[in-house]
Amino acid sequence: MSILNEISINLQAGKAKVVKELVQKAIDEGIDAGTILEQGLLDGMGVIGTKFKNNEIYVPEVLIAARAMSAGTELLKPLLVAGGVKARGKVVLGTVKGDLHDIGKNLVKMMMEGKGLEVIDLGTDVSAERFITAAKENDARVIACSALLTTTMGEMKKVLELLKEQGLRDSMTVMIGGAPVTDAYRESIGADIYTADAASAAEEAVKVLTE
Amino acid sequence: MIIIGEKINSTNRAARAAIANLDTEFVQDMARKQYDAGAAYIDLNAGMFVDDEAEKLEWLVKTAQQAVDAPLSIDSPNSEAIDRALKAAKIKKPIINSITDERERFDSILPLILEYDTAVVALCMDDSGMPETADERLSIADRLISSLTSKRVGISDIYIDPMVRPIGTGTHYGRVALETISRVRAEFPEVHITCGLSNISFGIPERKLMNQAFLVAAMAAGMDGAILDPLDKKLMSFVYATEALLGMDDFCMDYLMKFREGLLEE
C-alpha cells in the first residue's frame, strides 16, 4: 500500500497519531505537500463525507476523522504556504444571530475543509453585518448560514437584504441550511443554495468555487 | 418523575401535518394517550409554522384541553405565541417551555410567567453561547433561579434544564450533564430538574438505548422530570424501575401496580 493510501485509511479510522506520523514520513520521503493533502488527507475525508451522507457512519466517526485530518494538515500548512499552494476557495460560515447551535455548522466546516476549502468560521450568533464584513475582509465568495431555530431562520433573509443594499448580491453566493430550513424557504428568501446535509453543502460549495 | 409528553411537536412530521390541517382528532387522541400513559404535562409546539405560530399554538391549546384536564406545556421561545396560548389555557397551572438567561428572551418571557402564574422550564444557556462545562451551567442555573425567585416565582415552579448536548459530539457531555444535575440538586433541593431526553443521542445509532441509559443515570443524579415520549413503554418501564431503585416507591407498590396494569416491558 502506498503511504498516501495509508494516510487516507488511517484518517478514515480516526487515528490522529498514526496520521501525523505518516504525514511526517511522507514529507521526509520528499513527497510534495500538495500531493499528501490531496491524495492522502482529502481522499480520506472524501470517503468519510460520502459514507456520512449515506448514513453508513455516525457523527462521532466524522468528528474523530476530522481530528485526524487536522493533525495531518498542521504539519502540511507551513509547507503549503511556502510552496504557494492555495485552498480551493474560501467560505465564510456561521450560525445566524440569536442562534447558539453549532453542531450542524461544525459538521459543515469539517466537510468543507475535507474538500480542501478554507473556512472562516465566525461561530454562532453571527449578525448579517458580520457575515458580510468577514466575506469582504477575507475576499470570500461564499457565505454559508446555519440556523436550528424557526425563530432565527429569518436572519438569513437579512443577510440577503444587506448584500443587496451594499450592491454585493451578484458577487456573493449565499448557502443556507439547518433543521427547519427547506428548499422552499431558500426560494422564498432568494438564497442561492440549500442543502439538507453537511456533505452536500461541501460539494455544492466546491462546485461554486471551482467553476 | 414529572413527565412532559413530547408527542405534539411540529418538528415531528406526523404532528406537523396534523397541526397544518387542524386535525382535532389527532391532537386530542395524542393528548389523551399521553395523559393516560402518565404524562403530567402535555407539551404543545407549533414552532415550525414560522408565519402563524401564535395562531396554531392557540388552536393546539384549545383543542388539547377539550380532551384532557392535564396542564399544558407551552413550547416556544416566542413571547407573542406564548401569550396567545396562555390566554386560551383554562386548565390548572401551565408550564412555559422555556426561558433562558439570554437577556432578550428572559425579559420577554418573565412577564408572562408572572401574569399567568405559570411554571417554567429554565434552560442553562445565556448570551455567551452554549455552556461547555458543568461550572458554567451551574452559574447560569444559579443566576436563573435567583432572578426568577426574586420576582416571586416559586422555586418549585422552576424546572432547571441542564442543556444536554449530544454524547456523539463530545466525550465529556454525558458527565457534564450528570454533574450539573447532581450539583444543582445539592444546591437547590426544592427546584425541579428536567431535560429533553433525546438530545443526548443525536447523531448515533440505536438512540432509544442511549436515551434509556441516560435516563437512569440522570435520575440517579437527581433529575425528577423529563421531556420524553410517554407512549414508549420500555422507556416508561425504566422510569418506574429506577424510581423503585432510588427509594421513591414505597414497598415497590407503584412498580407492582404498573406491572398488573400491563405497563411494564422487560
Side-chain angles (χ1 to χ4, degrees), chain A residues 14 16 48 51-67 94-110 121-127 146-157 176 178-182 184-186 188-189 197-199, chain B residues 9-13 16 19 45-54 56-57 75-82 98 100-105 108-109 123-132 136 140 163-174 199-207 210:
Chain A
I48 289 289
K51 284 188 172 171
F52 184 55
K53 195 170 150 183
N54 296 335
N55 297 318
E56 288 167 46
I57 60 167
Y58 298 93
V59 169
E61 291 165 304
V62 175
L63 301 191
I64 201 169
R67 186 179 68 175
T95 305
V96 299
K97 190 163 185 258
D99 199 328
L100 301 175
H101 294 88
D102 62 357
I103 293 170
K105 187 262 302 167
N106 291 343
L107 284 169
V108 170
K109 180 183 182 185
M110 287 168 209
D121 180 4
L122 303 178
T124 60
D125 194 19
V126 181
S127 66
S146 165
L148 194 84
L149 303 174
T150 49
T151 43
T152 57
M153 270 160 74
E155 291 294 325
M156 294 171 164
K157 196 173 168 187
I176 62 171
V181 181
T182 59
Y185 182 71
R186 174 202 64 76
S188 77
I189 65 169
D197 66 89
Chain B
N9 191 311
S10 60
T11 59
N12 169 290
R13 197 166 296 174
R16 179 159 68 240
I19 300 168
N45 174 306
M48 292 300 279
F49 297 91
V50 184
D51 298 325
D52 58 351
E53 183 192 0
K56 291 282 197 293
L57 199 57
D75 186 354
S76 172
N78 173 351
S79 59
E80 260 182 67
I82 298 172
S98 56
T100 65
D101 204 32
E102 293 163 284
R103 200 43 36 221
E104 219 173 288
R105 181 145 163 199
S108 70
I109 290 177
L123 260 175
C124 290
M125 188 164 127
D126 65 13
D127 287 313
S128 60
M130 298 259 181
E132 200 46 45
E136 290 168 63
I140 298 171
M163 174 79 220
V164 177
R165 304 202 72 185
I167 189 67
T169 64
T171 311
H172 54 300
Y173 284 142
N199 280 357
I200 195 72
S201 59
F202 170 82
I204 55 169
E206 308 295 11
R207 293 187 65 172
M210 189 60 85

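- Under the 4.5 Å side-chain criterion, counting only non-hydrogen atoms from C-beta, B:Met130 is not in contact with A:Thr124.
- Counting heavy-atom neighbours within 6.0 Å of B:Phe202 CZ, excluding the residue itself, gives a total of 12 or less.
- Note on B:Pro205, B:Gly47, B:Gly170: by heavy-atom pairs under 4.5 Å with chain A, the leading option is B:Pro205.
- With sequence neighbours left out, the side chain to side chain contact (heavy atoms under 4.5 Å, CB included) criterion links A:Ser188 to A:Tyr185.
- Closest of all the heavy-atom pairs between B:Gly203 and A:Pro60 is O-CD, 3.6 Å.
- Here B:Thr171 contributes atom OG1 and A:Leu63 contributes atom CG; the two are 9.0 Å apart, rounded to the nearest 0.5 Å.
- Contacts between B:Arg105 and chain A at a heavy-atom distance below 4.5 Å are absent for every atom of the residue.
- For a residue to count as touching a neighbouring chain, one of its non-hydrogen atoms must lie under 4.5 Å from one of that chain's; by this rule B:Asp51 does not touch chain A.
- Atom CE of A:Met153 has more than 12 heavy atoms from other residues, nucleotides or ligands within 6.0 Å.
- When each of A:Ile64, A:Val59, A:Leu107 is scored by its heavy-atom pairs under 4.5 Å with chain B, the top score falls to A:Val59.
- Annotation: maximal heavy-atom pairing with chain B below 4.5 Å, among A:Thr151, A:Asp125, A:Thr150, occurs at A:Thr150.
- For CZ of B:Arg13, the number of neighbouring non-hydrogen atoms (other residues, nucleotides, ligands) closer than 6.0 Å is 12 at most.
- Counting heavy-atom neighbours within 6.0 Å of B:Arg16 CZ, excluding the residue itself, gives a total above 12.
- When side chains are defined from C-beta on, A:Asp102 counts as touching B:Arg165, because their heavy atoms get closer than 4.5 Å.
- Heavy-atom distances place no part of B:Glu104 under 4.5 Å from chain A, backbone and side chain included.
- Looking at residues two or more places apart in sequence or on another chain, you find a side chain to side chain contact (heavy atoms under 4.5 Å, CB included) between A:Asp99 and A:Thr95, A:Val96, A:His101, A:Ala147, A:Leu148, A:Leu149, A:Thr152.
- For B:Pro77, the part lying near chain A is the side chain, with the backbone staying farther off; criterion is any non-hydrogen pair under 4.5 Å.
- One distance of note links OH of A:Tyr58 with CD of B:Glu206; it measures 7.5 Å at 0.5 Å rounding.
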